[in-house]
Amino acid sequence: MDGRSRDWDIHLRALSSSASIASDPASDSSLLKSVKKLHELCKAENSEDLIARVYPQIYRLFQRSVASLSQSQTSNGLLLLAILQFYLDFGDVVLHDADPNLRTFFRTCLSREFADPAVAEATLEFLNVNKKKLLSSFPTLLPQFFPLLLKLIAWNGEKLEKSFLKVFPGLVSPGSFLPLLPALVDLPILVVALEKVEKSSGSLVGNSIASIQKSTAPEAYTGSTIGDGGGDSESEDSNTIDVADPVFLELLKDENDGLAERHWTSPVVAAALQAAINTPQSDRLKYVLNMTPRLIDVYFAIALRDVNDSLICALIPLLMSRNATMLPDKNFCFEVRKRLLEFKLSAFQRSPGFIAILKKPIMDRLAEAYDSPEKSELALQLCWAIGEHGGGGASHKDAARELFEGLELLLYENLSSSRLGFREESAFGSASQVFSKSSQSRLLCFVVTAIAKLATHHRELLPRARVSLGKVARSRISDVRVWRRARDYLGLMSEPAISSSVLGPSQPSPGLGQNPGTVKWSDGATKMIAHIPFYILGEQEGQPSHDCSFSDILPRR
């Protein structure tokens, strides 16, 4: 006890004497050691009296450190994190609410030091150690500062990804769920922006990037543009991001302030992103391009497990709008789009009614099927979802009718002309024409299938479906797969029992004993339906070359 008491007095005097020194507390490395040692002693002694003696000195040290941040030449992060740990462990004893201190740390310290590897690692360790307490006592903290934490991982991702993944679920809350998704998709673009800041202004450590958006005058930070090296310098990269550009400000913000519109029409931003792709990618950018899909996987897993239907329904239009808007790296776009699509289909499978609720944005996306290959692929998958889930189900007949009309319009437009050319045929010649024709045929196959399935779900649409499919079957357009599929569906719809089995609802209808996609085999010997599967699957014209009943192929009892 005597040795422990001496240590106690030494470290307590160190904190007390530091208060009389006007210099930056972080410049004295012994203070960090003293704070940690006093923390250990308080835990070991478990004495409220000792904790009460230390608390005033710790409190004053925190205030002095925060006050000196703007003039400090050394990192304050490690010292402030040690003090915050004391607050979290002993706040109940001294009746100290750590919430304002935690937010002060994020706003004034981490915003300046997120690029410091030691501070970044210590911050994630602190968040992981205190994860349960933070989520229970301060549930809005991490969701509020998720943009700042994304900057931290974007800059230090290679070494800290595993640690960040443990913290990541704490970033998801009702208030952060929607804005977090576009921030994740834009993580590589955030790296591009941060690297441009570093290139023009030197090290990011100690510079508060957040000051840009708080100032209406771009000159308050680095001049009119990021990358502006001065009036007498030739810029090595003329495709700079304007500091006043809304996308720049949105990317580099520190706090979540809701779902902001991303102004992707900015020519400056488009030029900067294209320049990032046309120049050699940094190791940091390469790693983030690979890391981002993994973060999106975790985000979607949390969404399907924990998030309510209203938020997921609100997310789907956002996913559709971002499908064709992301950093133009081929592998990155493929991996992200695949995940966006898989989540949309999973959400529709879980809640088919979303299709009826979202009929307007879905129809808008169908109308954009001609604009680009990415939008065409999205339209294909939406056609599949409409047909598979009956436009939202049996209780959404009005929405199903509107979606059916949208599919009809898409079908007739493609029959009357070859609009699906992605506006490039004249520029790129025959190769592009072949690709466009193939894409058009693929789209028509999806549309024809969706019309047949939707009419099978909602029998009142059958007459219109027969008219639509009849026009396709008679059109004899260049791709035989399209009119043959329309003809097959027409034949199938004349057999309601099999049509319901093959094209019917993905979920059993109430009171219906037959599961979708199955046939009542017990009726096989009495109903003349055996030729239908051959009719659908066969490539030959006319009737199949042999006839049989299901009783011929079923095992006999």
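In this text, all values refer to a predicted model and were calculated from it rather than measured experimentally.
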Say whether, by atom type as modelled, one donor and one acceptor occur between the side chain of [X] and the main chain of [Y] under 3.5 angstrom.
{"X": "S376", "Y": "Y370", "result": "no"}
{"X": "N128", "Y": "S163", "result": "yes"}
{"X": "K151", "Y": "F114", "result": "no"}

Legend entry - Flag if over 12 foreign heavy atoms under 6.0 Å of CD, E121: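 Not more than 12 within 6.0 Å, no.
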Inset, instruction - Tell me, yes or no, whether the heavy-atom count around Q63 atom CD, taken from other residues, nucleotides or ligands under 6.0 Å, exceeds 12. - result: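 Atom CD in Q63 is packed in, count exceeds 12.
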Legend entry - Heavy-atom closest contact (F332 atom, L327 atom, distance):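 Scanning both residues completely, I find the closest heavy atoms to be CD2-O, 3.6 Å.
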Legend entry - Counterpart residues, ring pair (Phe, Tyr, Trp, His ring centres under 6.0 Å), relative to F62 (two or more places apart):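 F62 satisfies ring pair (Phe, Tyr, Trp, His ring centres under 6.0 Å) with Y87 once adjacent residues are dropped.
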Inset, instruction - Tell me, please, which residues at least two apart from F177 pass ring pair (Phe, Tyr, Trp, His ring centres under 6.0 Å). - result: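 F177 satisfies ring pair (Phe, Tyr, Trp, His ring centres under 6.0 Å) with Y299 only.
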Inset, instruction - Name all residues meeting the side chain to side chain donor-acceptor pair (under 3.5 Å) criterion together with S310; count only those two or more places apart in sequence or in a different chain, and write none if there are none. - result: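 Listed in chain order: N308.
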Name each donor-acceptor pair under 3.5 Å that joins a side chain in residues 76-84 to protein atoms two or more places apart or in another chain, with its distance.
{"unit_1": "N76", "atom_1": "ND2", "unit_2": "S72", "atom_2": "OG", "d": "3.0"}
{"unit_1": "N76", "atom_1": "ND2", "unit_2": "T74", "atom_2": "O", "d": "3.2"}

Legend entry - Residues that D309 engages under salt bridge (charged side-chain N to carboxylate O under 4.0 Å, His left out), provided they are two or more places apart: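 With sequence neighbours excluded, D309 shows a salt bridge (charged side-chain N to carboxylate O under 4.0 Å, His left out) to R350, given in chain and number order.
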Inset, instruction - Establish, yes or no, whether a centroid distance under 6.0 Å links the rings of H389 and F354. - result: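 No.
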Inset, instruction - Using the side chain to side chain contact (heavy atoms under 4.5 Å, CB included) rule, pick out the option among L407, L403, V447 that qualifies with L366. - result: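 One option only clears the test, and that one is L407.
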Legend entry - With Y287, the side chain to side chain donor-acceptor pair (under 3.5 Å) member among E161, E158, Q281: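 Between Y287 and the candidates, side chain to side chain donor-acceptor pair (under 3.5 Å) is satisfied uniquely by E161.
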Legend entry - side chain to side chain contact (heavy atoms under 4.5 Å, CB included) partners for E335, two or more places apart: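 Per chain and number, E335 pairs via side chain to side chain contact (heavy atoms under 4.5 Å, CB included) with P293, K338, R339.
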